[in-house]
Amino acid sequence: MRGDRGSNPGPVGYRRVFVYFQDAKGVVSAQEILKKEPISSVIALKESMKFFDANFFNDSKLSEMEDGAKEFNVPAFRENRKLVALQNGGMHNPSVLVFKSQWSDSVATESRSFDYPRASNVHRPSNDEDIAFMSVSSPTILSCIVDNTILSQYNKYIHVRYNPVLESVITITEDLAYKQAKRADDLLAQGKYLGPLHGIPYGLKDIIAVPDYKTTWGSRTFKNQVLDTEAYVYKRLKSAGAVLVAKLVTGSLAYDDIWFGGRTRNPWNIEEFSTGSSAGPASSTSAGSITYPAARCGITALRPTFGTVARTGVMSISESLDKLGPFCRSAVDCAIVLDAIRGKDPGDISSREVALHDPFHVDITQLTVGYLEDAEMEVVHVLSAKGVKLVPFKLNYTVGSVQSILNITMDVDMLAHFDNWQREGDDDDYEAQDQWPVELRRARLIPAVDYLQAQRARGKLIEEVKDSFTVDAFIGNVTDWELVCLGNLVGMPVAVVPTGFKSIENPPKGGTKRRTTVPAGIYAPPDQDHIALALAMAYQSVTDHNKQRPPIDDLGPNDKIQQ
């Protein structure tokens with residue numbers, strides 16, 4: 001008997017193995033033999049055990065396992081799927097295995113609203129387009145709400161100028177926007193002011209449900225989906241008086257920047273794509289997954305502590321990893337939005353009331369902040385000049401499988417939420433076949449015991465990071481994938497801030513106005529989001545990187561998009 005590798009590739013990158021048998025009549029293939037004598041199911045099970053790293057059972061035990069699976073396991077699997085897995089995505093029927101990110105068991109005290117700063121002597125810009133780039137805390141905003149100047153400018157940007165290039169918007173919610181804007185005007189006329197988000201236009205990532213509008217999850221297989229529910233975060237923003245103008249692109253099923261309508265671009269370099277599941281919100285915010293798209297598009301963002309913002313009514317990838325956070329043009333605006341959307345909701349049992357301190361009243365001179373070896377040193381120097389104590393820092397942990405822990409956790413959780421999608425073959429219509437379809441097929445081969453071992457390893461990682469966190473916060477490279485994975489597994493907050501620009505690689509002859517953004521991440525322990533925000537605000541109080549505007553309105557002849 002001999003085995004040869006065939007020339008045709010098999011599934012998932014493997015090559016088919018053709019086995020031939022020599023007998024008195026000559027060479028015959030294994031396929032021909034199987035037609036007459038089907039292979040024993042025990043032999044098949046033995047072969048499959050290799051893919052579970054469990055090929056240590058003898059034939060007797062394998063036969064026993066086969067009988068037990070048929071009698072007990074498979075019927076239970078099917079019954080459970082009927083109960084909870086027929087509907088794809090969403091936070092319905094959440095797991096009772098709830099991840100807790102906090103590092104102490106202290107009971108939350110009363111959560112109070114932040115004391116927002118009020119700018120003075122701010123005049124209405126002579127150019128109405130400048131209004132779109134103002135802070136939401138500016139008092140000038142109020143005068144612009146009453147005559148709908150803000151709304152008209154945003155609609156102009158979305159319809160005409162930016163979206164045809166950036167492909168960052170899925171649905172314009174025009175009727176809803178004007179209805180909510182009128183309500184904002186009426187309340188002001190009655191002397192009722194709801195706060196700094198009153199009348200402010202915004203967009204929601206299209207994994208967040210809004211009644212009467214499509215929630216497509218960026219996927220061709222769900223592009224006509226309308227969910228008759230109000231996501232918790234949408235309710236909070238609506239109650240704060242904000243005006244929803246658009247549903248913004250998410251990469252298909254929250255994976256990267258490819259969606260059923262195209263691929264979202266980076267407004268700072270339109271030859272480059274936005275990256276990450278939050279490609280649309282990042283691209284839209286700059287021109288008018290949180291860390292990677294924010295870093296790429298040169299905007300300010302906050303990935304909050306896990307559980308700070310309830311995810312009710314939002315497509316779920318992983319119940320112990322998913323977080324909702326704001327993309328804005330400044331850390332001040334991020335703090336204002338976070339204050340509006342934070343809170344616990346019964347629909348998300350992982351959510352909780354995190355009693356954050358007011359980031360606007362943090363004495364940063366009392367903080368000790370570390371900086372990693374690859375930290376952006378401009379941030380270090382600026383904060384040091386502001387009175388912060390800066391020290392070299394390194395996270396010490398022995399767990400060497402951080403990235404694989406994240407992959408196992410995310411892929412198995414995602415498959416649990418999209419089990420029926422895969423079983424129905426809808427993954428064949430997915431926009432990028434080398435992304436979720438491949439990962440979720442591989443996830444079928446992760447045993448429950450090894451998923452739980454990954455969670456135990458995650459617990460060990462969290463304890464080691466907690467013990468190593470000897471500073472109030474630290475500055476690091478926000479695009480370091482190991483650090484991104486670690487932060488997600490631990491559930492710690494990070495503020496992403498733009499720190500400048502550099503020339504693009506291989507610029508076209510004749511020059512270009514396109515640039516590459518340089519980001520930094522300010523990381524804090526869980527439940528200490530206010531510290532990350534306070535440091536980000538301090539940095540931006542004396543720098544203007546976050547106030548820069550991308551060159552999308554002023555592209556030269558060498559800046560045309562190559563299709």
Side-chain angles (χ1 to χ4, degrees), residues 86-92 154-155 158-159 162-177 201-235 237-238 244-265 273-285 289-290 293 311-318 322-325 327 347 413-415 417-422 424-433 435-437 439-440:
L86 295 182
Q87 185 178 351
N88 294 302
M91 287 293 294
H92 49 271
Y154 268 85
N155 282 336
I158 292 171
H159 282 297
Y162 290 157
N163 197 53
V165 176
L166 299 180
E167 297 184 18
S168 59
V169 175
I170 290 185
T171 303
I172 304 293
T173 57
E174 189 169 14
D175 291 343
L176 178 62
Y202 74 101
L204 284 176
K205 183 176 177 179
D206 203 35
I207 60 171
I208 300 172
V210 175
D212 302 321
Y213 285 92
K214 294 177 182 178
T215 302
T216 71
W217 301 342
S219 173
R220 184 184 298 118
T221 50
F222 297 99
K223 69 178 182 179
N224 294 316
Q225 174 177 252
V226 177
L227 300 175
D228 187 23
T229 186
E230 284 190 330
Y232 173 82
V233 69
Y234 170 65
K235 288 181 182 178
L237 288 168
K238 185 173 68 170
L244 179 67
V245 297
K247 301 292 292 297
L248 303 175
V249 166
T250 175
S252 185
L253 300 186
Y255 196 131
D256 212 17
D257 47 27
I258 298 174
W259 61 292
F260 64 82
R263 193 172 186 188
T264 305
R265 295 181 181 273
F273 297 106
S274 187
T275 84
S277 66
S278 296
S283 181
S284 299
T285 303
S289 335
I290 293 175
R311 302 160 297 174
T312 312
V314 179
M315 191 203 90
S316 178
I317 290 180
S318 170
D322 295 339
K323 292 166 284 292
L324 290 172
F327 288 89
D413 290 0
M414 177 68 172
L415 182 56
H417 290 121
F418 286 88
D419 184 13
N420 197 55
W421 178 76
Q422 187 185 72
E424 294 294 323
D426 290 333
D427 57 341
D428 291 336
D429 294 326
Y430 189 79
E431 286 71 15
Q433 284 294 304
Q435 294 181 355
W436 275 134
E439 287 201 37
L440 297 188

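One is the number of the first residue; the rest follow in order along the sequence. Everything numeric in this text was worked out from a predicted model, so none of it was measured.
With a 4.5 Å cut-off on side-chain heavy atoms, I317 and I207 do not count as touching. Side-chain contact check for D212 versus D175: every heavy-atom pair is 4.5 Å or farther apart. The side-chain heavy atoms of S318 and M414, taken from C-beta on, include no pair separated by under 4.5 Å.
The CG atom of L324 lies 5.5 Å from the CD1 atom of I208; values are rounded to the nearest 0.5 Å. Note that NZ of K214 is 10.0 Å distant from CD1 of I170, once rounded to the nearest 0.5 Å. Here the straight-line distance linking atom NZ of K223 with atom OG1 of T171 works out to 12.0 Å at 0.5 Å rounding. Remark: T173 OG1 to Y213 OH distance equals 5.5 Å, nearest 0.5 Å. Considering NE2 of H417 and NE2 of H92, their distance stands at 7.0 Å, rounded to 0.5 Å. Going from atom CE of M315 over to atom OG1 of T250 covers 6.5 Å, rounded to the nearest 0.5 Å.
Listed here is the closest heavy atom pair of K205 and K247: O-CE, 4.2 Å. In terms of heavy atoms, A231 sits closest to G313 at CB-O, 3.6 Å. Nearest heavy-atom pair, L244 versus A177, reported as atom, atom and distance to 0.1 Å: O-CB, 3.3 Å.
Note: W217 and F418 have perpendicular aromatic rings, judged against thresholds of 30 and 60 degrees for the angle between ring planes.
Across L253, T215, D206, a single residue satisfies side-chain contact (heavy atoms from CB on, under 4.5 Å) together with F222, and that is L253.
Side-chain atoms of Q433 come within 3.5 Å of backbone N or O of D427 as a donor-acceptor pair. No donor-acceptor pair under 3.5 Å is formed between the side chain of Y234 and the backbone N or O of P211. Side chain of E431 to backbone of R220: a donor-acceptor contact under 3.5 angstrom is found. Between the side chain of T221 and the backbone N or O of D426, no donor-acceptor pair lies under 3.5 Å.
When the salt bridge (Lys or Arg N to Asp or Glu O under 4.0 Å) test is applied to K323, no partner is found at least two apart in sequence or on another chain.
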Let me see the working for L237 and L204 under side-chain contact (heavy atoms from CB on, under 4.5 Å), right down to the final yes or no. CA-CA 10 Å; L237 288 168; L204 284 176; 4.1 Å; yes
Between T216 and W259, is a side-chain contact (heavy atoms from CB on, under 4.5 Å) present by the stated rule, with each step listed? CA-CA 10 Å; T216 71; W259 61 292; 5.9 Å; no
List the steps and the verdict of side-chain contact (heavy atoms from CB on, under 4.5 Å) for Y430 and S252. CA-CA 8 Å; Y430 189 79; S252 185; 3.1 Å; yes
Determine, stepwise, if the pair K235 / T312 fulfils side-chain contact (heavy atoms from CB on, under 4.5 Å). CA-CA 10 Å; K235 288 181 182 178; T312 312; over 6 Å; no
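Residue-environment remark: CG (D228) stays at or below the threshold of 12 foreign heavy atoms within 6.0 Å.
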